[in-house]
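Note sheet for the following structure.
Letters go in sequence order (proteins before strands), and every chain restarts at 1.
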Protein chains: 2
Amino acid sequence: MSSKEAKTRTKILEATWKLMEQNQGQGVRMSDIAKSAGVSRQAVYLHFESRVDLMNATTKYVDEVLGLDERLQCVSDAPSATKALELFIEVWGNYIPEIYGLSKALLAVRDTDEAASKAWDECMSCLRNASRDIVEGLNQSKVLSSQWTNDAAGDLLWTMLSVQNWEQLINDCGWSQTQYVDGMTKMIQASILD
Amino acid sequence: MSSKEAKTRTKILEATWKLMEQNQGQGVRMSDIAKSAGVSRQAVYLHFESRVDLMNATTKYVDEVLGLDERLQCVSDAPSATKALELFIEVWGNYIPEIYGLSKALLAVRDTDEAASKAWDECMSCLRNASRDIVEGLNQSKVLSSQWTNDAAGDLLWTMLSVQNWEQLINDCGWSQTQYVDGMTKMIQASILD
DNA sequence: TTCTTTGCTTGACATTGTGTCAAGTGTATC
DNA sequence: GATACACTTGACACAATGTCAAGCAAAGAA
């Protein structure tokens, strides 16, 4: 019964995800995760090498479950490049709250751990590539502001849509989710469109 | 000789600052700081309650030494609101690299420690107020884009100028310092000016 | 049914870094 | 010479990660 192993693994991943979101990525111990998953602390170490390894695996797991790629599908199907930009901001902007806790946890260890950094970058590269594609589309439709190169506009778009900016506007400035999406859309349109 | 006490205190603060910048705020232990300051580890605890207390004190110290307020003086003296915006972005943008290491360290503990959060917010409120003032000036000069309220534009300006955005553009996107200042200026002008 | 393997448990232990405590040292000052 | 002060020294408590070895219970093979 090798499915038992997989089941336990999934239980641990689910518990990790849940706790990370509950506590916004802060102060979640290995023993908390084990308890929440209904297994011993050591069982966690039988499935994952270390805390960082577990977090990376959880990131991958969450990514599969939530399916950002599929959500971004509708962006590719957009009738125009400008509409694609709008949809992109909306889809990603509404995705952030779902992954916020885990993101925070990953970002916190990113600086001290090479593997975590890689995991985060991998996750982000999806967004970065999407940003580049959008900008490329805008450029081909001749609506990209002439003051930017494709690369610069892509970097800016990607940076503006960072989890940290979302966090700052929502948490520190008290913006609502709709305010965020609307505001970001207006701001980005103003800065990179002609 | 109460000046000896102050001297030791300063030595510790200087050592903390130096190590934080050297290691970009990561993996700096109390014993490292003590050794670098040339005092015993316990001496550090005689001057500062805890690690977080020390970091907050260092933040204050650095703030005094570098004098952001004075640097921002030239912004107030600007001949026009639009020029003030330009100068603001330049002064702050060039200030970031000087406080980057310490900022990272402070941001890292911000989520787990109330006192650190307060210290950071206090430091940021200076920038936030400046952002508000700039926007207010732009509004009075009738050059603020009509799509924003004063508050929203202030929040956006402040968010765009975050240390994290600087970090992402410089470290992840490989922008140079000049590219950052120029890019930010163009982007912000495009988004909040008429 | 018995034997073995597999997945997990249990409890002990090493390690690292923070923070505390108490006794001791050296040195200006009265 | 006595005193107070700033710091040192070394031991300790504590929390969290990660390791190790022995054991247990159930599934599958003989």
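B/H47 has no side-chain polar atom (N or O) that falls below the 4.0 Å cut-off from OP1 or OP2 of D/dA6.
Listed by residue number, A/R29, A/M30 are the residues of residues 26-34 of chain A with a heavy-atom contact under 4.0 Å to DNA chain D. Contacts of residues 51-59 of chain A with DNA chain D (heavy atom under 4.0 Å): A/R51.
The side chain of A/A43 lies closest to C/dT9, out of C/dG7, C/dT9, D/dT8. Among C/dT9, D/dA11, D/dC7, the nucleotide with an atom closest to any side-chain atom of A/V39 is C/dT9. Checking C/dC8, C/dT18, D/dC7 against the side-chain heavy atoms of B/Y45 singles out C/dT18 as nearest.
Rounded to a whole Å, the NZ atom of A/K35 is 12 Å from the P atom of D/dA16. If you measure from atom CG of A/L46 to atom P of D/dT19, you get 11 Å, rounded to the nearest angstrom. In this structure, B/K7 atom NZ and C/dT27 atom P are separated by 15 Å, rounded to whole Å.
Side-chain to base pairing of B/Q42 with D/dT9: no donor and acceptor N or O lie closer than 3.5 Å to each other.
Between atom OG of residue A/S103 and atom CD of residue A/Q24 there is a gap of 11.0 Å, rounded to the nearest 0.5 Å. Going from atom OG1 of A/T112 over to atom CG of B/N23 covers 12.5 Å, rounded to the nearest 0.5 Å.
Exactly one of B/W175, B/Y95, B/Y100 qualifies for a ring pair (Phe, Tyr, Trp, His ring centres under 6.0 Å) with B/W166. That residue is B/Y100. When each of A/T16, A/N56, A/L13, A/I33 is paired with A/F48, the side-chain contact (heavy atoms from CB on, under 4.5 Å) condition holds for A/L13 and for no other.
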Take B/W92 and B/V75, measure what side chain to side chain contact (heavy atoms under 4.5 Å, CB included) needs, and give me the verdict at the end. CA-CA 10 Å; B/W92 170 249; B/V75 174; over 6 Å; no
Dump the intermediate steps for side chain to side chain contact (heavy atoms under 4.5 Å, CB included) on A/N150 and A/E136, then the final yes or no. CA-CA 7 Å; A/N150 272 16; A/E136 178 62 28; 2.8 Å; yes
Report the C-alpha separation of B/R110 and B/D121 in whole Å, then their side-chain angles, then the decisive distance to 0.1 Å, and conclude whether the side chain to side chain contact (heavy atoms under 4.5 Å, CB included) test is met. CA-CA 9 Å; B/R110 187 195 180 201; B/D121 290 348; 3.2 Å; yes
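Using a 4.5 Å heavy-atom cutoff, the side chains of B/F88 and B/L161 are in contact.
A donor-acceptor distance shorter than 3.5 angstrom exists from the side chain of B/Q179 to the backbone of B/S176, with no hydrogens or angles considered.
Mapping A/R41 and B/V44 onto DNA chain D by nearest heavy atom places B/V44 closer to the 5' end of the strand.
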